[in-house]
Amino acid sequence: MTQLVFATGNPHKIREVREMLDGQFEVRGLRDIGCPEDLPETSPTIPGNALQKARYVFENFGVNCFSEDTGLEIEALGGEPGVRSARYAGDDRNPLANMQLVLKKLQGETNRKARFYTVVALILDGREHTFEGIAEGTIRHEPSGTGGFGYDPIFQPAGFGVTFAEMGEAEKNAISHRGQAVRKLIDFLKGLSA
Ligand code: IMP
């Protein structure tokens with residue numbers, strides 16, 4: 001079975017992606033190859049960070065790998081938190097504090113439009129490929145739901161009456177930013193072996 005390292009230290013993301021791959025590829029985490037989990041992500045853009053993380057793993061460990069970077073882009077905040085999504089409220093990457101800061105900044109704001117933007121970067125035999133996914137939606141006035149992670153409790157995907165945190169994992173994957181980008185990755189990998 002083809003082995004790929006998913007260059008993330010986030011166990012939620014690894015679980016989401018493993019569920020989507022349905023056993024077709026063996027996905028290993030950074031811990032499995034003895035790589036530190038805090039990878040450099042100093043680029044000012046989402047695609048830049050995705051590539052930076054994948055390059056780090058490929059250059060230092062010589063394995064085929066993919067990484068992903070995601071940002072929540074809120075229209076009324078000029079695209080913030082964007083590339084700063086993980087550390088929006090501080091370097092401790094506290095998801096609750098991040099959500100509270102978003103809600104505070106949007107107080108009294110009627111434009112609640114937002115989107116999650118994901119870029120998956122794959123390095124396969126030294127060649128780089130990128131795949132994108134976007135989930136449009138709105139920011140709720142208060143958090144709701146206990147599933148998912150990060151900003152899920154305040155993000156309601158377009159066309160749904162619930163937040164990502166109120167959906168099951170498979171339901172979220174079917175429409176999410178990461179789901180779309182990972183499906184493109186899977187289609188690409190399948191195309192290679194066809
Ligand atoms: P990163 O891609 O790990 O740098 O994540 C950036 C930030 O976006 C973190 O605060 C994550 O918690 C958040 N994030 C990434 N993906 C999701 C998601 O699917 N739902 C909610 N928050 C997310």
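Note that ligands are numbered from 1 as they come in the structure, with each ligand's atoms numbered from 1 the same way. These numbers were taken from a predicted model, which means no experiment stands behind them.
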Under 3.5 Å: donor-acceptor pair, side chain of R178, backbone of V120
no
Does the R28 side chain pair with the main chain of V5, one donor and one acceptor, at a distance under 3.5 Å?
no
In ligand 1, which numbered atoms sit nearer than 4.0 Å to a non-hydrogen atom of [X]?
X	value
E68	2 (O)
S85	6 (C), 7 (C), 8 (O), 10 (O)
K172	18 (C), 19 (O), 20 (N)
D69	1 (P), 2 (O), 4 (O)
E41	4 (O)
K13	1 (P), 2 (O), 3 (O), 5 (O)

If you measure every N or O of K53 against every N or O of ligand 1, does any of those distances drop under 3.5 Å?
no
With side-chain contact (heavy atoms from CB on, under 4.5 Å) as the test, pick out the partner of F131 among V119, D187, L122, T118.
L122
Only one of T70, L72, I134 forms a side-chain contact (heavy atoms from CB on, under 4.5 Å) with H177, so which one is it?
T70
Any chance you could measure L51, atom CG, to I46, atom CD1, to the nearest 0.5 Å?
12.0 Å
Hey, could you give me the CD/CD distance between E80 and E73, rounded to the nearest 0.5 Å?
11.0 Å
Side chain, backbone, both or neither: the part of F149 lying under 4.0 Å from ligand 1 by heavy atom:
both
Just need the protein heavy atom nearest to [atom], so name the residue and atom and give the distance.
atom	value
atom 13 (C) of ligand 1	Y151 CD1, 3.9 Å
atom 12 (O) of ligand 1	G150 CA, 3.3 Å
atom 16 (N) of ligand 1	R178 NH1, 3.2 Å
atom 10 (O) of ligand 1	A86 CA, 3.1 Å
atom 20 (N) of ligand 1	D152 OD1, 2.6 Å

Give a yes/no verdict on whether any heavy atom in [X] is under 4.0 Å from an atom of ligand 1.
X	value
F164	no
H177	yes
L72	no

If you measure only the distance, is there a donor-acceptor pair under 3.5 Å linking the side chains of E68 and T8?
no
Options T70, L39, N94, N173, ranked by nearest heavy atom to atom 15 (C) of ligand 1, top entry:
T70
Sorted by first residue and then second, give each side chain to side chain donor-acceptor pair (under 3.5 Å) pair with at least one member in residues 149-159; sequence neighbours left out.
R140-Q156, D152-K172
NZ/NE/NH1/NH2 to OD/OE distance under 4.0 Å, E132 and K184
no
After noting the C-alpha distance and the side-chain angles of Q52 and T42, does the key distance pass the side chain to side chain donor-acceptor pair (under 3.5 Å) rule?
CA-CA 8 Å; Q52 188 181 16; T42 52; 2.9 Å; yes
Where at least one partner belongs to residues 60-100, residue pairs that pass ring pair (Phe, Tyr, Trp, His ring centres under 6.0 Å), sequence neighbours excluded
F6-F66
